[in-house]
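What follows is a single structure, written as structure tokens, with notes after it.
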Protein chains: 2
Amino acid sequence: MNTLPNHVSSTAFLIADPARAAMLIALCDGRALPAGELAYAASVTAQTASSHLAKLLAGGLLTVETEGRHRYYRLAGSDVALTLEHLAALRPSEAVRRKPLSHEGQNLRFARCCYDHLAGQLGVAVTQALQERQYIAPAAEKQFLLTPSGHEWFGVMGLDVAALKPTRCGLARQCLDWTERRHHLAGPLGVQFMTLLCSNGWLRRSKSSRAVQVTPKGWAGLKEQLGIDQNSVIP
Amino acid sequence: MNTLPNHVSSTAFLIADPARAAMLIALCDGRALPAGELAYAASVTAQTASSHLAKLLAGGLLTVETEGRHRYYRLAGSDVALTLEHLAALRPSEAVRRKPLSHEGQNLRFARCCYDHLAGQLGVAVTQALQERQYIAPAAEKQFLLTPSGHEWFGVMGLDVAALKPTRCGLARQCLDWTERRHHLAGPLGVQFMTLLCSNGWLRRSKSSRAVQVTPKGWAGLKEQLGIDQNSVIP
DNA sequence: TCGACATTTCGATACGAGTCGAAGCATGCA
DNA sequence: TGCATGCTTCGACTCGTATCGAAATGTCGA
């Protein structure tokens, strides 16, 4: 049993470096990213990133696939993502709460895209409204199930649910929101829904950052369809 | 959002030191231990331990209670233990599997208390039997739901379910077992059930460690009530 | 009040690890 | 074949921090 602490600490050690943590978090949605992109995500040079990636690989937290001259890294398993989520959720404390965020920070907290789906306060509020209306229901394995009435509602909104193909994680996933510490809608349904909200003019994505803006038309639609207004999102 | 990786990594950093990890693991059963004992558990001097404990305290992973000239440290919450278990379960690899465990290690693997509920092979086997008999059912949010027949069965066993008050995580939680990598029963119901099994003489807790022993009467009861015998647990 | 014990603070040391520049390997394209 | 691109290896530098000895603080018992 004395070997256990070493094991835990060495695993934690891999996550303990800010650059490595940034890379792992960037991979949290399960996609595979090339080394260069991970270097960018962690704000380090390619050499440094390479060294980190080698360690994560040796530690069994990542796997790699070589394709042409790119090397695509991905998390070794969903348990890795799960552990990261637990670490992230571990500190509820004052530290972050107290300092006021920058303007850009507030925008990001309010609404942003998390890879290709909606996150932030708005993402959480929308997801919650969808659940309250029983359009989706949380299920095991961090999935959301689409109910019949949800199927219909998304159809009315202009989303062809039947055309979506579920991944091995299902049609809709629960994704932990870093800033809100609650789940928001991800997976193919989440991605397609985000696309829809952008193309029908409810949301506008920023070109330079991950921030997302709600248009006047968007607020009207959110209020009518999901009972969400500006005041109910922010507190 | 760039602050998130820092947060994760700084939390992981606290666990990344072997001495600190050893202390945290020693506290995993929820007990409060004095600084000296933690120093011993981590095989470092008192000064070194003190420095580590101060860091863990500042990081919010521990809380402390001063009592006389002793200072008793304990985990800040069960989420800390949960995170540690996830870290421990992260590496499926060869390392541990191959080496035979010590006698003490085998005992711990077989049955131990995790916080205040039953863990190890026995804990997993019992939890599984409870599910097969539909006394409890896994639900979202890592919970177990107590079925009507389960309510009745626990009552017959001598556990007053109505007297339990659910926490914000519900009445019964799924807790990941780090040696078995499967869930066992936790939460108020798990705690009370463990207490019951000790008071009715089925189990006997060790004074010096977290290991738990099954009495002959316990084996008879487990076989009769849940179909669990010695052979069905160990493989 | 004094001595024993538990714990923390201070200071010095030494080891480990992250970082980046420069160079070395592959792969793909013309 | 030559060149650009993506990634890794090598070497050197620097900084952080884990560690422990010595001493201070605080608490209990006589």
Side-chain angles (χ1 to χ4, degrees), chain A residues 2 5-27 31-75, chain B residues 2-27 31-75:
Chain A
N2 223 343
N6 269 324
H7 174 206
V8 169
S9 64
S10 64
T11 306
F13 179 80
L14 291 173
I15 312 175
D17 182 84
R20 285 196 292 261
M23 296 180 184
L24 289 170
I25 288 173
L27 293 169
R31 284 201 302 181
L33 296 177
E37 217 158 310
L38 291 170
Y40 177 76
S43 311
V44 293
T45 61
Q47 315 94 298
T48 303
S50 176
S51 138
H52 287 310
L53 290 170
K55 283 169 192 168
L56 291 171
L57 206 55
L61 265 53
L62 296 184
T63 59
V64 67
E65 259 172 287
T66 303
E67 204 156 314
R69 51 180 168 182
H70 297 269
R71 302 193 74 192
Y72 286 93
Y73 289 87
R74 78 170 71 219
L75 294 188
Chain B
N2 225 342
T3 137
L4 176 62
N6 269 326
H7 175 204
V8 169
S9 63
S10 64
T11 307
F13 178 80
L14 292 172
I15 313 176
D17 182 86
R20 285 196 292 261
M23 295 181 185
L24 290 171
I25 288 174
L27 293 168
R31 287 182 305 175
L33 296 177
E37 215 158 312
L38 291 171
Y40 176 77
S43 311
V44 292
T45 62
Q47 314 96 301
T48 303
S50 177
S51 141
H52 287 310
L53 290 170
K55 282 170 192 168
L56 291 171
L57 205 55
L61 266 54
L62 296 185
T63 60
V64 68
E65 258 172 288
T66 303
E67 204 155 315
R69 51 182 168 181
H70 297 268
R71 301 193 74 194
Y72 286 93
Y73 290 89
R74 77 170 71 219
L75 295 189

Working note: A/L27 + A/L38, criterion side-chain contact (heavy atoms from CB on, under 4.5 Å); need CA distance, chi angles, decisive distance, verdict. CA-CA 9 Å; A/L27 293 169; A/L38 291 170; 3.9 Å; yes

Does a nitrogen or oxygen in the side chain of A/R71 sit under 4.0 Å from OP1 or OP2 of D/dT8? yes

Go along nucleotides 25-30 of chain C 5' to 3' and tag each nucleotide: B for a protein heavy atom under 4.0 Å from its base, S when only backbone or sugar atoms are that close, - otherwise. --BS--

Residue-phosphate contact under 4.0 Å: A/K55 side-chain N/O, C/dA17 OP1/OP2: no

For a quick check of understanding: with a heavy-atom distance under 4.0 Å over all strands, which category does A/Y72 fall into, base, sugar-phosphate or nothing? nothing

Under 4.5 Å between any side-chain heavy atoms of A/Y72 and A/H70, yes or no? yes

With sugar-phosphate meaning primed atoms plus P, OP1 and OP2, does A/A35 contact a base, only sugar-phosphate, or nothing at under 4.0 Å between heavy atoms? sugar-phosphate

Please tell me if A/S50 has a side-chain N or O lying less than 4.0 Å from either OP1 or OP2 of D/dT8. yes

Quick one: does B/Y73's side chain get under 4.5 Å of B/E37's, heavy atoms only? no

Could you tell me how far apart A/Q47 (CD) and C/dG21 (P) are, to the nearest whole angstrom? 7 Å

Check: B/S9 main-chain N/O paired with A/R20 side-chain donor or acceptor under 3.5 Å: no

Using five base pairs at each end to define the local axes, how bent is the helix from C/dT1-D/dA30 to C/dA30-D/dT1, to the nearest 10°? 30°

Does the side chain of A/L62 come within less than 4.5 Å of A/L24's, by heavy atoms? yes

Can you check whether B/Y73 has a side-chain N or O nearer than 4.0 Å to OP1 or OP2 of C/dT8? yes

Relative to the 5' end of DNA chain D, which residue comes earlier, A/T48 or B/V44, by the nucleotide with the nearest heavy atom? A/T48

Think B/H70 has a side-chain N or O under 4.0 angstrom from the OP1 or OP2 of D/dC28? no

B/T11 side chain to B/H7 backbone, donor-acceptor under 3.5 Å: yes

Restricting to nitrogen or oxygen on both sides, can you table the protein-nucleotides 11-15 of chain C pairs closer than 3.5 Å?
none

